[in-house]
Amino acid sequence: TLDQELLGEFGRMELTWPVALAVASDGRVFCTDEHRNFVAIYSPEGERLGQWGEPGDGPGHMSGPSGITFDNDGNVYVADTGSNRIQRFTSDGRYISGWGGPGTAPGQFNRPWGLTVDDQDQVYVADHKNHRAQKFTGGGEFVGEFGSHGGGRGELKLPSDVAVDPDGDVYVCDWANNRVQVYDAQ
């Protein structure tokens, strides 16, 4: 067991379905609320600093946001799960760009869930119901994909999140196969 002391909590009664967190380099905490369709921002001490986003499918609107991460310039990427797209914002919520849409072709999504950005600003997305992970440039240009539906080695079933280590190896939470798989940086 961990012998940790609880330092505090925040967001009680302000969040309905908090799904994912990302901490900015200045310590601010960003939290997606999947039900209320916004990103809430808190100070490291838990003070509510604001929020951005509203329900909808237009640029900057959200429908069930889940994963959230930062690039090296401090821009925020959000997996807009219900709209089957990824959106990029400034840290104060100004819409920059977005990509994706429903489907199975490269660059399309079926419930993108978790995402991360590597040290080269490449974006990796757990494409949940397409049973794969996809890789993009920071601007949304498709680079590649890996995984296919199944339970064998290298196959995925409902991936839920993705992370990249300092060597560039990609870790995927293989949700319905009850495991984590690691893919070579190649």
Side-chain angles (χ1 to χ4, degrees), residues 2 4-100 109-119 121-129 133-136 138-140 158-165 170-175 180:
L2 293 174
Q4 297 286 322
E5 177 184 342
L6 178 65
L7 298 176
E9 66 174 59
F10 53 86
R12 185 179 295 270
M13 305 308 292
E14 295 175 342
L15 301 167
T16 303
W17 290 348
V19 175
L21 297 167
V23 179
S25 60
D26 63 5
R28 289 179 299 155
V29 179
F30 289 64
C31 180
T32 57
D33 188 312
E34 187 177 37
H35 180 72
R36 295 178 63 200
N37 300 300
F38 63 70
V39 173
I41 302 101
Y42 293 90
S43 73
E45 298 75 33
E47 175 189 353
R48 180 76 174 256
L49 301 175
Q51 71 182 49
W52 42 263
E54 58 184 84
D57 291 324
H61 295 92
M62 296 182 211
S63 177
S66 56
I68 186 168
T69 192
F70 293 96
D71 67 15
N72 294 316
D73 293 326
N75 295 311
V76 182
Y77 291 78
V78 176
D80 189 6
T81 303
S83 295
N84 293 300
R85 65 184 174 184
I86 304 304
Q87 296 197 77
R88 182 171 56 154
F89 300 89
T90 62
S91 64
D92 62 357
R94 283 181 287 127
Y95 176 80
I96 298 172
S97 64
W99 68 88
F109 301 105
N110 188 352
R111 311 245 355 130
W113 199 342
L115 75 166
T116 194
V117 175
D118 70 14
D119 62 1
D121 280 337
Q122 302 288 303
V123 181
Y124 295 79
V125 180
D127 190 2
H128 191 65
K129 289 192 175 181
Q134 295 193 66
K135 180 180 178 181
F136 301 88
L158 302 173
S160 60
D161 205 2
V162 62
V164 179
D165 72 16
V170 182
Y171 296 72
V172 179
C173 289
D174 192 4
W175 189 72
V180 173

Does any N or O in the side chain of Asp127 come within less than 3.5 Å of the main-chain N or O of Ala133, such that one atom is a donor and the other an acceptor? no
Donor-acceptor contact present, side-chain Ser83 to main-chain Arg85, <3.5 Å: no
Can you tell me how far CD1 of Ile41 sits from CG of Asp92, rounded to the nearest 0.5 angstrom? 8.5 Å
To the nearest 0.5 Å, what is the distance between CG (Asn75) and CZ (Arg88)? 6.0 Å
Mind telling me whether Tyr42 and Phe10 have parallel, tilted or perpendicular rings, with 30° and 60° as the class edges? tilted
Go through it in stages, so that I can follow the logic: the residues are Asp71 and Tyr77, the test is side-chain contact (heavy atoms from CB on, under 4.5 Å), and I'd like the CA-CA distance, side-chain angles, deciding distance and then a yes or no. CA-CA 8 Å; Asp71 67 15; Tyr77 291 78; 3.4 Å; yes
Over 60° means perpendicular and under 30° means parallel, so tell me whether Phe109 and Phe136 are parallel, tilted or perpendicular. tilted
Short question: side chain of Asp80, backbone of Ser63 - any donor-acceptor pair under 3.5 Å? yes
Donor-acceptor pair, Gln87 side chain versus His61 backbone, under 3.5 Å? yes
Of all heavy-atom pairs between Asp119 and Asn72, which one has the smallest distance, and what is that distance? O-ND2, 3.0 Å
Rounded to the nearest 0.5 Å, what separation is found between the CG atom of Asp33 and the CH2 atom of Trp17? 9.0 Å
To the nearest 0.5 angstrom, please state how far the NE2 atom of His35 sits from the CG atom of Leu15. 12.0 Å
Give me the ring orientation class for Trp52 and Phe89: parallel if the planes are under 30° apart, tilted from 30 to 60°, perpendicular past 60°. tilted
Where is the tightest heavy-atom contact between Arg28 and Asp26, given as atom of each residue plus distance? NE-OD2, 2.8 Å
Examine distances only and state if a side-chain atom of Ser66 and a backbone atom of Trp113 form a donor-acceptor pair shorter than 3.5 Å. yes
Any donor-acceptor pair under 3.5 Å from Thr81 side chain to Pro112 backbone: yes
Do Leu49 and Glu47 come close enough that some side-chain heavy atom pair is under 4.5 Å? yes
With a 3.5 Å distance limit and no angle check, can you tell me whether Arg111 reaches the backbone of Leu158 through a side-chain donor-acceptor pair? no
Evaluate whether atom CZ of Arg48 has more than 12 neighbouring non-hydrogen atoms of other residues, nucleotides or ligands under 6.0 angstrom away. yes
Pro18 versus Cys31, closest heavy-atom pair with distance: CB-SG, 3.6 Å
Could you go through the side-chain contact (heavy atoms from CB on, under 4.5 Å) check for Ser25 and Phe70 one step at a time? CA-CA 9 Å; Ser25 60; Phe70 293 96; over 6 Å; no
Between Val39 and Met62, is any pair of side-chain heavy atoms under 4.5 Å apart? yes
Show the nearest heavy-atom pair for residues Val162 and Tyr124, with the distance to one decimal. CG1-O, 3.4 Å
Of the non-hydrogen atoms in Val78 and Pro65, which two are nearest, and what is the gap between them? CG1-CB, 3.7 Å
Got a second to check how far Tyr95's OH is from Ser97's OG, nearest 0.5 Å? 6.0 Å
Heavy-atom pair of closest approach, residues Thr32 and Ile68: CG2-CB, 3.8 Å
To the nearest 0.5 angstrom, please state how far the CD atom of Gln51 sits from the CZ atom of Arg36. 6.5 Å
